[in-house]
Amino acid sequence: MTTLAQEPPYESHEPSDVPWVGPEGYATHDVTNQPPPLAPYDASDDTALLEGLRREGAGWSEEGLRRLGRRAGSAEAQEWGDLANRHEPVLRTHDRYGNRVDEVEYHPSWHHLMRVAVGEGLAGAAWADDRPGAHVARTAGGLVWGHTEAGHGCPTSMTYAAVPALRAQPELAKVYEPLLTSREYEPGLRRPTEKRGLLAGMGMTEKQGGSDVRTNSTTATATAEPGVYTLRGHKWFTSAPMCDVFLVLAQAPGGLSCFLVPRVLPDGTRNTFRVQRLKDKLGNRSNASSEPEFDGTVAWLVGPEGQGVKTIIEMVNCTRLDCVMSSATLMRKTLVEAGHHVRHRSAFGSRLVDQPLMRNVLADLALESEAATTLTLRLAGAADRAVRGDEGEAAFRRIATAVGKYWVTKRGPAFTAEALECLGGNGYVEESGMPRHYREAPLLSIWEGSGNVNALDVLRALRRSPATAHALFGELALARGADARLDAAVARLEAGLGAASETGARRLVELMALTLQGSLLVRHAPPAVADAFCATRLGGDWGHAFGTLPDSVDLDGVLARALPREG
């Protein structure tokens, strides 16, 4: 609707291509020195991504990944991401007659995004794919499709993670796994076995405990039917409440246990799942996060009573990997946005991309982005091989995923802030999309265990399973002798393990992450990238902000590899 304030008086309302000309005879609204729209672009045009895909055993998926990359960068898909965040989910607790329905309504763009994500295998499909590298291909797809928006990655991630946990109860897995691994997206609450595909969520945290799930107060009472319980309690943070089934922690007589909670029961009636409210979050606003209340809610036991944490640990490993993936995706997306802007924007007599200090900033961001992407794919490769029975890779995955979760997600907020600054004031307005990315970045460090939780988890893994340290140092040894700065950092890490303490856990895990990233880049990246990373992140020749690379860095070599081609 047009308001009076929007209507210029005494002018025709007919559209015109002729700019308005003032009394001095010049046009006041000619647009110059602004970049053209980025879309369409190829979100898979990332050398580090494609090299990692092949190296980690999923080169067979490259053609499909490139196709998905072009779709992710299309004007249509980019608009879906924008609309899904501008038109946020709406909770409808009751129907017009007063019946409790507890449904969340989404903008159509959310469903478009979900349909592509599920159809491309970014939810549970990898578990039904026997090809080596299937889990790597899924992670690479997330790195590409995530260029659209981040919120809808939550239900796909939880669905992916639910499958291995559900396998702790083979009878349930037999019924639900074929539907959770389906590539069919079918929204709406219906009897699960009548749908072509399902999505899974999780309900772990409660307000009094947060990450300390052992303090959960939700109770589970056994019924006369074996394996069936009723739950009573209030969950504090349950995202994507329109999923079909949820894995939930509750206190059973035998201790904290894991349960499967369907929104619709096998007889077609609604299970008690009262959505009290949706969270008003900083970011991730396309994705509804809720507080559900259970009161006589029917649930099926997954795994033995009292083994709830053990049952969901595989789920946590999966979702933590996706947090690393999502942070790396945000880095790459905002780097692409910044690179596009500076290529087309001029100031002080030259294009921004040609100015030495801007090139320093971009190259520094490019190093961080490549290190994050390379580590993400290495973790995905470890996950894929661990699933196929490689015990060494399972031990590496156990420690390295927590290390990557701590560090990569910590780097995200500072990275996106710097990328936003490359656009100046243009990056601070909502239309650019950069504020949405900036608000999204802190989430990945919080979800699936904050920085402290992950750092302490690394210490716990080292103490309980010496094989994890052996696996980590075995990986680092593959680059021994290639760079003196890396070798010195690994020596510091080895010395620090003997004095590891909770107080110093973050310092130790940070060094683990940097040496791991450095070893991967020394082995797999060009000399310009590896040398710059080791000089700055490991050698100390660096400042405290992005854009402080030393003069010795080959900026042209780093940027030529990092920035996507433009037509």
Side-chain angles (χ1 to χ4, degrees), residues 161 164-165 168 204-205 209-216 249 255-258 303-304 306-321 323-324 375 378-379 381-383 385-387 389-410 445-478 480 486 488-520 538:
M204 308 298 177
T205 61
S211 297
D212 187 5
V213 295
R214 294 188 185 276
T215 64
N216 280 5
L249 290 178
L256 189 67
S257 306
C258 183
Q307 299 293 312
V309 173
K310 183 178 180 180
T311 301
I312 67 165
I313 195 65
E314 181 67 18
M315 190 173 192
V316 171
N317 282 331
C318 293
T319 50
R320 283 182 175 175
L321 171 59
C323 286
V324 182
L375 177 57
R378 176 65 184 93
L379 295 176
R385 291 183 280 276
V387 166
D390 189 321
E391 293 184 1
E393 287 289 84
F396 174 77
R397 176 199 187 196
R398 171 70 182 88
I399 190 169
T401 300
V403 168
K405 166 65 166 72
Y406 171 81
W407 182 242
V408 175
T409 63
K410 273 276 179 280
S445 184
I446 295 170
W447 271 4
E448 303 313 321
S450 64
N452 284 354
V453 169
N454 277 268
L456 294 174
D457 193 35
V458 171
L459 292 189
R460 191 177 304 110
L462 291 170
R463 291 166 181 162
R464 294 181 178 178
S465 177
T468 58
H470 179 76
L472 177 65
F473 282 101
E475 178 78 15
L476 297 176
L478 296 175
R480 183 180 295 135
L486 175 59
V490 173
R492 293 197 303 273
L493 178 60
E494 288 180 306
L497 284 184
S501 67
E502 288 195 8
T503 304
R506 284 189 176 216
R507 287 175 62 92
L508 181 70
V509 175
E510 177 178 322
L511 186 56
M512 284 182 180
L514 291 173
T515 53
L516 184 53
Q517 288 181 324
S519 71
L520 289 167
L538 298 174

**Study point:** Test log, rule salt bridge (charged side-chain N to carboxylate O under 4.0 Å, His left out), inputs Glu314 and Arg397
**Key:** CA-CA 11 Å; Glu314 181 67 18; Arg397 176 199 187 196; 2.9 Å; yes
Return the [atom1] to [atom2] distance between [X] and [Y], rounded to the nearest 0.5 Å.
{"X": "Thr515", "Y": "Leu520", "atom1": "OG1", "atom2": "CG", "value": "9.5 Å"}
{"X": "Ser519", "Y": "Leu514", "atom1": "OG", "atom2": "CG", "value": "11.0 Å"}
{"X": "Arg506", "Y": "Leu456", "atom1": "CZ", "atom2": "CG", "value": "9.0 Å"}
{"X": "Ile313", "Y": "Cys318", "atom1": "CD1", "atom2": "SG", "value": "10.5 Å"}
{"X": "Glu502", "Y": "Asn452", "atom1": "CD", "atom2": "CG", "value": "9.5 Å"}
{"X": "Leu379", "Y": "Leu321", "atom1": "CG", "atom2": "CG", "value": "6.0 Å"}

Check your understanding: Taking the six-membered ring of Phe473, is the NZ or CZ of Arg480 close enough (under 6.0 Å from the centre) and on axis enough (within 45°)?
Key -> no
Practice item. Evaluate the salt bridge (charged side-chain N to carboxylate O under 4.0 Å, His left out) criterion for residues Glu475 and Arg378: first the C-alpha distance (whole Å), next the side-chain angles of each, then the deciding distance (0.1 Å), finally the verdict. Key: CA-CA 11 Å; Glu475 178 78 15; Arg378 176 65 184 93; 2.9 Å; yes
If you compare all heavy atoms of [X] against all heavy atoms of [Y], which two are closest, and at what distance to 0.1 Å?
{"X": "Ala513", "Y": "Trp407", "result": "CB-CB, 3.4 Å"}
{"X": "Leu538", "Y": "Gly518", "result": "CD1-CA, 4.4 Å"}
{"X": "Leu462", "Y": "Ala469", "result": "CD2-CB, 3.6 Å"}
{"X": "Leu256", "Y": "Asn216", "result": "CD1-CB, 4.1 Å"}
{"X": "Cys258", "Y": "Ile312", "result": "SG-CG2, 3.7 Å"}
{"X": "Ala382", "Y": "Phe396", "result": "CB-CD2, 3.8 Å"}

Check your understanding: Are there more than 12 heavy atoms of other residues, nucleotides or ligands under 6.0 Å from atom CZ of Arg214?
Key -> no
Review point. Got a sec: does the CD of Glu494 have more than 12 other heavy atoms crowding it under 6.0 Å?
Key: yes
Side chain proximity check, [X] to [Y], heavy atoms < 4.5 angstrom:
{"X": "Val458", "Y": "Thr468", "value": "no"}
{"X": "Leu472", "Y": "Val403", "value": "no"}
{"X": "Thr205", "Y": "Leu249", "value": "no"}

Review point. Judged by modelled atom types alone, do Arg320 and Asn454 share a side-chain donor-acceptor pair under 3.5 Å?
Key: yes
Practice item. Start with the C-alpha gap between Met512 and Leu497, add the side-chain angles, then the distance that decides, and say whether side chain to side chain contact (heavy atoms under 4.5 Å, CB included) holds. Key: CA-CA 10 Å; Met512 284 182 180; Leu497 284 184; 3.8 Å; yes
Review point. Sub-3.5 Å donor-acceptor pair from the side chain of Ser257 to the main-chain atoms of Gly306, do we have one?
Key: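 Between the backbone of Gly306 and the side chain of Ser257 there is a qualifying donor-acceptor contact (under 3.5 Å).
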Point to revise | Donor-acceptor pair, side chain of Ser445 and main chain of Lys410, under 3.5 angstrom | key: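 Checked: no pair found.
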Check your understanding: Given Leu459 and Leu508, is the side chain to side chain contact (heavy atoms under 4.5 Å, CB included) satisfied, shown in steps?
Key -> CA-CA 9 Å; Leu459 292 189; Leu508 181 70; 3.7 Å; yes
Review point. Passes side chain to side chain contact (heavy atoms under 4.5 Å, CB included), Lys405 versus Thr319? Steps please.
Key: CA-CA 10 Å; Lys405 166 65 166 72; Thr319 50; over 6 Å; no
